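Data first, discussion second: the structure below is written as structure tokens.
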Number of protein chains: 2
Amino acid sequence: MKAEWKKQFNRFNKRMTPCRQAIIDIFEEKRKHLSAEEVYILLRKKRRKVGMATVYRNLDLLSQMGLLHRLNFGDGKEHYEMARISPAKHHHHLVCTRCGKAVDYSELVGEEHEFLNRLEKKLGDKYDFSIQSHQIYFYGLCKDCR
Amino acid sequence: MKAEWKKQFNRFNKRMTPCRQAIIDIFEEKRKHLSAEEVYILLRKKRRKVGMATVYRNLDLLSQMGLLHRLNFGDGKEHYEMARISPAKHHHHLVCTRCGKAVDYSELVGEEHEFLNRLEKKLGDKYDFSIQSHQIYFYGLCKDCR
DNA sequence: GAAAATTTTGAGAATGATTATCAATATCTA
DNA sequence: TAGATATTGATAATCATTCTCAAAATTTTC
Ligand SMILES: [Mn+2]
Ligand SMILES: [Mn+2]
Ligand SMILES: [Zn+2]
Ligand SMILES: [Zn+2]
């Protein structure tokens with residue numbers, strides 16, 4: 001995986017810095033959705049001086065490079081998660097509209113993915129879009145908020 | 001349709017005010033995605049004094065009441081569109097990650113909806129969620145941004 | 001390996017969208 | 001109509017994110 005990433009950094013003419021490595025490490029360790037603020041706090045435990053701006057810059061970069069997925073759960077801030085490239089562990093989200101909890105699901109991904117691919121092709125052709133990714137969100141109330 | 005909405009307002013113990021009516025009119029006339037700012041500007045053409053806060057409050061209320069759908073296209077602000085209750089004209093979105101353009105699509109909605117209903121039931125049971133809605137976003141580059 | 005060129009970073013200010021406050025108005029209820 | 005309740009507009013406040021810019025780190029060139 002390290003190798004894959006190095007390649008990505010080269011492709012983008014970007015340097016793999018200690019700060020960026022640390023951010024990647026955090027996502028590998030935590031394996032969950034993190035906001036910029038949360039990453040910042042975790043990062044400060046590893047390194048003395050970190051600027052909020054650097055966190056935002058790097059989360060943005062890593063997202064553009066495809067190493068992170070940027071998610072919006074409707075709570076006013078962006079969330080990020082590791083893009084599990086290999087093996088491609090595809091999943092989507094169930095979001096509680098009251099408490100904001102976001103749960104991963106990967107049920108029916110096989111069937112889902114087949115369907116979405118078909119749709120993607122159709123839409124790309126019809127609307128002249130080169131589609132690169134998709135997100136599905138189910139909104140509702142979790143059992144604690146019902 | 002007016003009747004449906006009146007009912008909704010009663011259910012929520014809310015009043016149908018001139019301001020709210022004007023906002024609904026705007027969405028009926030424009031029939032497209034509008035940000036709070038855009039609604040505010042259009043609203044000022046109809047009524048002298050309007051506060052930004054009132055616009056936000058009402059967009060929020062109308063969304064909770066199910067008359068509007070709140071959409072996030074990743075450009076840092078929320079967008080709203082009329083929820084076409086009857087006939088239920090279901091659609092989702094294709095979003096250009098460069099220019100932010102958002103295109104409606106309703107291809108395969110029949111098949112899609114059947115599939116999503118099945119998935120929704122499965123997920124609701126398994127994760128103990130009462131699912132109320134969903135959104136699908138396809139991200140990519142439109143023809144002008146390629 | 002040192003100097004020059006390039007990239008990245010941290011600190012803080014600035015921005016922009018959204019929310020909170022609160023007194024004045026409008027609407028509903030009895 | 002009086003009293004209760006809901007809504008509004010103006011403004012300030014908040015919060016996430018972006019900008020600015022000089023210092024530090026890294027890479028490239030000689
Ligand atoms: Mn996830
Ligand atoms: Mn739409
Ligand atoms: Zn919840
Ligand atoms: Zn575009």
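What you see below is based on every heavy atom in this structure, not just the backbone, and it leaves out hydrogens, waters and symmetry mates. Everything numeric here is computed off the predicted structure, so don't read it as measured data. Below, read A as the first sequence line, B as the second, and so on, with proteins coming before strands; counting in each chain starts at 1.
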Between CG of Asp60(A) and P of dT8(C) the distance, given in whole Å, is 13 Å
Hey, which sits more toward the 5' end of DNA chain D by its nearest nucleotide, Ala36(A) or Arg20(B)?
-> Arg20(B)
Reported OG-to-CG distance for the pair Ser106(B) and Leu123(A), which is rounded to 0.5 angstrom | 9.5 Å
Atom pair distance, as rounded to whole Å: CG in Leu61(B) and P in dT19(C) = 13 Å
Separation of atom NE2 in His79(B) from atom C1' in dG16(C), rounded to whole Å = 13 Å
Chain A reaches DNA chain D, atoms under 4.0 Å from its heavy atoms, from dA16(D) to dT27(D)
With sugar-phosphate meaning primed atoms plus P, OP1 and OP2, does Glu37(B) contact a base, only sugar-phosphate, or nothing at under 4.0 Å between heavy atoms?
-> nothing
Does Tyr56(B) have a side-chain nitrogen or oxygen under 4.0 Å from the phosphate oxygens OP1 or OP2 of dT19(C)?
-> no
Between Lys77(B) and Tyr40(A), just flag the one whose closest nucleotide in DNA chain C comes earlier from the 5' side.
-> Tyr40(A)
Could you tell me whether His90(B) and His134(B) have their ring centroids closer than 6.0 angstrom?
-> yes
How close or far is atom P of dG10(C) from atom CZ of Arg44(A), stated in whole angstroms?
-> 11 Å
Does Lys14(A) put a side-chain nitrogen or oxygen below 4.0 Å from OP1 or OP2 of dT8(C)?
-> yes
Tell me: CZ of Arg57(A) to P of dT9(C), nearest whole Å?
-> 7 Å
Spatial distance of atom CG (Leu67(B)) from atom CH2 (Trp5(B)) [nearest 0.5 Å] = 6.5 Å
For Thr17(B), which contact category applies under a 4.0 Å heavy-atom criterion: base, sugar-phosphate, or nothing?
-> sugar-phosphate
Assess whether one donor atom and one acceptor atom, taken from the side chain of Arg15(A) and the base of dT8(C), lie less than 3.5 Å apart.
-> no
Examine the side chains of His33(A) and His93(A) and answer whether a donor and an acceptor come within less than 3.5 Å of each other.
-> yes
Lys49(A) side-chain N/O to dG10(C) phosphate OP1/OP2 under 4.0 Å | no
Tyr80(B) side chain vs Leu62(B) backbone, donor-acceptor pair below 3.5 Å | no
Nearest-Å distance, CG (Asn72(A)) to P (dT18(C))?
-> 11 Å
In whole angstrom, give the distance that lies between atom CZ of Phe9(A) and atom P of dT7(C).
-> 15 Å
Just how far, in rounded Å, is C1' of dA26(C) from CE of Met16(B)?
-> 16 Å
Looking only at heavy atoms, the pair that brings Thr54(A) and Cys19(A) closest together is CG2-SG, 3.7 Å
Reckon Asn13(A) touches a base, only the sugar-phosphate, or nothing at all at heavy-atom distances under 4.0 Å?
-> nothing
How about Asp104(A) and Glu81(A): do any of their side-chain heavy atoms sit closer than 4.5 Å?
-> yes
